[in-house]
Peer 1: 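One structure, as structure tokens, below. Some questions next.
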Amino acid sequence: MDLALLKELNAERAARRAAILITDTADGRGQLVREGDEISGDLGDAVRRAFRSGKSGLAEIDGRELFFNVHVPPPRLVVIGAVHISQALAPMAKIAGFDMTVIDPRTAFATEERFAGVALRAEWPEDALKNRPLDAYTALAALTHDPKIDDYPLTAALDAGCFYVGALGSRKTHARRVERLREGGLSDADLERIHAPIGLDIAAASPAEIAVATLAQIIEALRKRDLAGGLRMRAA
Amino acid sequence: MEASSAATDNLDPLQVAETWKSGGRDVAIATVMETWGSAPRPTGSQLVIDSEGNFHGSVSGGCVEGAVITEAVDVIETGEPRMLEFGVADETAWRVGLSCGGRIKVFVERLG
């Protein structure tokens, strides 16, 4: 590998974009591959598998021994609403390896006491997301039920191509939400990407159970995301 | 997920490699390419070494770093990459000591 290639790789990683550095173990020659690059044949298959699994490893391709070093940004979880479900979700998300942030402008909810050790922003999502924008390796769960708080980040998450977008609320609440967001200019294809009612259907009842169902759905979205179609990133 | 740490982290080996090389130091990168059994660091883990033997990162829990650094200084001189193997099956490597009982393959290359 040369310095120019390393700089390219580090730039991809700093920008939170997935990349694979493929090294030929015979001569150390490197090649940088980005997610969505079109590569045919066995190499292409191996690249897609590596992006999907996030696992690095050796592979024998066309008589060459190649090492795939997969650099996938650590997944983030942004939760809108410092509510009871979020309190249960915080320790679970941490164990599962997510870097979780809670955003809620209501200072009665967003207190250090209720969220000890959790990254907490007592601000409007419009402001909090400006400092740390959403991206394709971020999941967003909107849990306040309050359109004033939830609607903006839901739209922002769909725009940013977040790998998961979920919203709490009954089917009725969600139907009204869909109407509002459609009027706001979102397409049906966008709106269908919102998981609502939130969480896998395990008949979760308590806040902690809803947190389990939600986290499971987020993990499913992360592991099964559609790589063939790229990350559905919208053109900026 | 064996996700890499953020590239902005100043403890990140590849970030350190870029900084060192850009600052005029000769640098080698060692990468864990394969593991068997209970290996202390997962595949893809990296160690960065300069020609003085300064290093950053890890390819094991400290068991084989010494040997890797010695080889890396050679690799920096010759420019020829090499694949190292450590584990219980190899008497020499055992003396170096992957006492956890695992086996690892480490690729060492010069950053050109």
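Chain naming here is simple, since letters A, B, ... match the order of the sequence lines and numbering starts at 1 in each. As a basis for the values below, the full set of heavy atoms in this structure was taken, side chains included, without hydrogen atoms, waters or symmetry mates.
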Peer 1: Chain A heavy atoms under 4.5 Å from B:Val108: which part of the residue, side chain, backbone, both or neither?
Peer 2: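 Answer is neither: B:Val108 stays 4.5 Å or more from chain A.
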Peer 1: What part of A:Asp99 lies closer than 4.5 angstrom to a heavy atom of chain B: side chain, backbone, both or neither?
Peer 2: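 Neither the backbone nor the side chain of A:Asp99 comes within 4.5 Å of chain B.
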Peer 1: Counting only heavy atoms not in A:Asp201, do more than 12 fall under 6.0 Å of its CG?
Peer 2: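 Atom CG in A:Asp201 is not packed in, count stays at 12 or less.
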Peer 1: Considering only heavy atoms, which portion of B:Met83 lies under 4.5 Å from any heavy atom of chain A: side chain, backbone, both, or neither?
Peer 2: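 B:Met83 touches chain A through side-chain heavy atoms alone.
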Peer 1: Is the CZ atom of A:Arg16 crowded by more than 12 outside heavy atoms at less than 6.0 Å?
Peer 2: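 Buried by this count: over 12 neighbours within 6.0 Å.
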Peer 1: Which bit of B:Thr31 comes within less than 4.5 Å of chain A, counting heavy atoms only: side chain, backbone, both or neither?
Peer 2: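 It is the side chain, since no backbone atom gets that close.
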Peer 1: Which class fits the ring pair A:His195 and A:Tyr164: parallel under 30°, tilted 30 to 60°, perpendicular over 60°?
Peer 2: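 A:His195 and A:Tyr164: parallel rings.
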Peer 1: What part of B:Glu18 is in contact with chain A, defined as an atom under 4.5 angstrom from a non-hydrogen atom: side chain, backbone, both or neither?
Peer 2: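 Contact with chain A involves both backbone and side-chain atoms of B:Glu18.
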Peer 1: Let me know if B:Arg82 has heavy atoms under 4.5 Å from chain A in its side chain, its backbone, both or neither.
Peer 2: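 Contact with chain A is absent: no heavy atom of B:Arg82 under 4.5 Å.
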Peer 1: State whether a side-chain donor-acceptor pair under 3.5 Å links B:Ser60 with B:Arg41.
Peer 2: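 No, because no side-chain N or O of B:Ser60 sits under 3.5 Å from a partner of the opposite role on B:Arg41.
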Peer 1: Applying the side chain to side chain donor-acceptor pair (under 3.5 Å) test to A:Arg17, which of A:His71, A:Glu12, A:Glu35 qualifies?
Peer 2: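 The side chain to side chain donor-acceptor pair (under 3.5 Å) with A:Arg17 is passed solely by A:Glu12 among A:His71, A:Glu12, A:Glu35.
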Peer 1: By a 4.5 Å heavy-atom criterion (distance strictly below it), what part of B:Gln46 contacts chain A: side chain, backbone, both, or neither?
Peer 2: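 The answer is the side chain of B:Gln46.
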Peer 1: Around atom CZ of B:Phe55, are there more than 12 heavy atoms from other residues, nucleotides or ligands closer than 6.0 Å?
Peer 2: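 Counting other residues, nucleotides and ligands, CZ of B:Phe55 stays at 12 neighbours or fewer.
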